[in-house]
J.: 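If you scroll down you'll find the structure; I have some questions about it.
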Amino acid sequence: MKDYLVNIKINDIMAKDVIYTHPDTGVVKAFETLLKYKISCLPVVDGDKKLIGIITTTDIGYNLILDKYTLDTKVSDVMTKDVISITPDKSIIDAIKKMDEYGHKGEIINQLPVVDENNRLVGVISDGDIIRALSKFLKK
């Protein structure tokens with residue numbers, strides 16, 4: 001099975017039509033985008049589409065409930081800047097290891113932004129993408 005997984009590249013299973021946001025977007029607007037598209041993270045990119053941060057539904061929702069944001073709060077004020085990402089040429093095993101190793105407090109990372117050699121956003125790989133790839137293998 002490991003040989004099979006090494007041959008599955010991120011580029012083959014990642015979502016390429018990524019919904020993302022910019023640092024000057026308001027947090028409430030970003031949260032609405034997350035809910036509208038039923039996604040749990042928004043990569044944050046600059047004008048050149050370089051990855052500079054990430055925000056999640058959990059982080060924003062929790063802090064909105066606690067009333068920690070104002071209507072003027074921007075994504076750049078609350079985004080995680082130290083983003084764990086992966087390149088499209090890596091294998092599914094590399095993604096699984098990163099999702100496990102870099103999870104906060106024993107949790108896993110559910111999505112990894114996929115970037116090219118210039119740190120430009122080209123996709124996102126999720127735990128769901130990985131499960132679908134594994135499911136195809138198990139059906140063989």
J.: Around Asp82, counting heavy atoms of other residues, nucleotides and ligands shown, do more than 12 lie under 6.0 Å from its CG?
T.: no

J.: Taking Ile131 as the starting point, is it possible to reach Ile86 by hopping between hydrophobic residues whose side chains are less than 4.5 Å apart?
T.: no

J.: Given Thr21 and Thr33, is the side-chain contact (heavy atoms from CB on, under 4.5 Å) satisfied, shown in steps?
T.: CA-CA 9 Å; Thr21 192; Thr33 300; over 6 Å; no

J.: Check whether any side-chain heavy atom of Val45 lies under 4.5 Å from a side-chain heavy atom of His22, and answer yes or no.
T.: yes

J.: First locate atom CD1 of Ile84, then atom CD of Gln111, and finally report the distance between them rounded to the nearest 0.5 Å.
T.: 13.5 Å

J.: Give the minimum heavy-atom separation between Thr57 and Cys41, together with the two atoms involved.
T.: OG1-N, 4.5 Å

J.: Would you sort out whether Met99 and Ile130 count as a side-chain contact (heavy atoms from CB on, under 4.5 Å), showing the intermediate values?
T.: CA-CA 11 Å; Met99 289 172 148; Ile130 292 169; 3.5 Å; yes

J.: Is the number of heavy atoms from other residues, nucleotides or ligands under 6.0 Å of Lys49 NZ greater than 12?
T.: yes

J.: Is there a donor-acceptor contact under 3.5 Å from the side chain of Asp116 to the main chain of Asn118?
T.: yes

J.: At their closest point, which heavy atom of Val75 faces which heavy atom of Ala30, and how far apart are they?
T.: CG2-CB, 3.8 Å

J.: Does Met79 share a hydrophobic cluster with Leu35, counting links as ILVMFWY side-chain heavy atoms below 4.5 Å and allowing steps through other members?
T.: yes

J.: Closest heavy-atom contact between Ala95 and Ile10?
T.: CB-CD1, 3.6 Å

J.: Identify the two heavy atoms, one from Pro113 and one from Ile54, that lie closest to each other, and give their separation to 0.1 Å.
T.: CG-CD1, 3.8 Å

J.: Under 4.5 Å between side-chain heavy atoms, hopping through other hydrophobics if needed: is there a path connecting Ile125 to Ile93?
T.: yes

J.: Any chance you could measure Thr87, atom OG1, to Glu117, atom CD, to the nearest 0.5 Å?
T.: 9.0 Å

J.: Does a salt bridge link Lys74 with Asp77, judged by any charged N lying under 4.0 Å from a carboxylate O?
T.: no

J.: Among Ile52, Leu51, Leu121, Val83, whose side chain to side chain contact (heavy atoms under 4.5 Å, CB included) with Val44 holds?
T.: Ile52

J.: I need the minimum non-hydrogen distance between Ile109 and Lys98, along with the two atoms involved.
T.: CD1-O, 4.1 Å

J.: Are Ile19 and Leu42 close enough that some pair of their side-chain heavy atoms sits under 4.5 Å apart?
T.: yes

J.: How close do Gly123 and Met14 get, counting heavy atoms only, and between which atoms?
T.: CA-SD, 4.1 Å

J.: Are Val27 and Ile60 packed together at the side-chain level, in the sense that at least one heavy-atom pair is separated by less than 4.5 angstrom?
T.: yes

J.: Which of these, Leu34, Val124, Val18, sits in a side chain to side chain contact (heavy atoms under 4.5 Å, CB included) with Ile39?
T.: Leu34

J.: Before giving the answer on salt bridge (Lys or Arg N to Asp or Glu O under 4.0 Å), spell out for Lys97 and Asp94 the whole-Å C-alpha distance, their side-chain angles and the decisive distance to 0.1 Å.
T.: CA-CA 5 Å; Lys97 286 179 180 177; Asp94 297 316; 5.5 Å; no

J.: For the OH atom of Tyr20 and the CD1 atom of Ile55, what is their distance to the nearest 0.5 Å?
T.: 14.0 Å

J.: Could you measure the distance from the CG atom of Asn110 to the OG atom of Ser126? Nearest 0.5 Å is fine.
T.: 8.5 Å

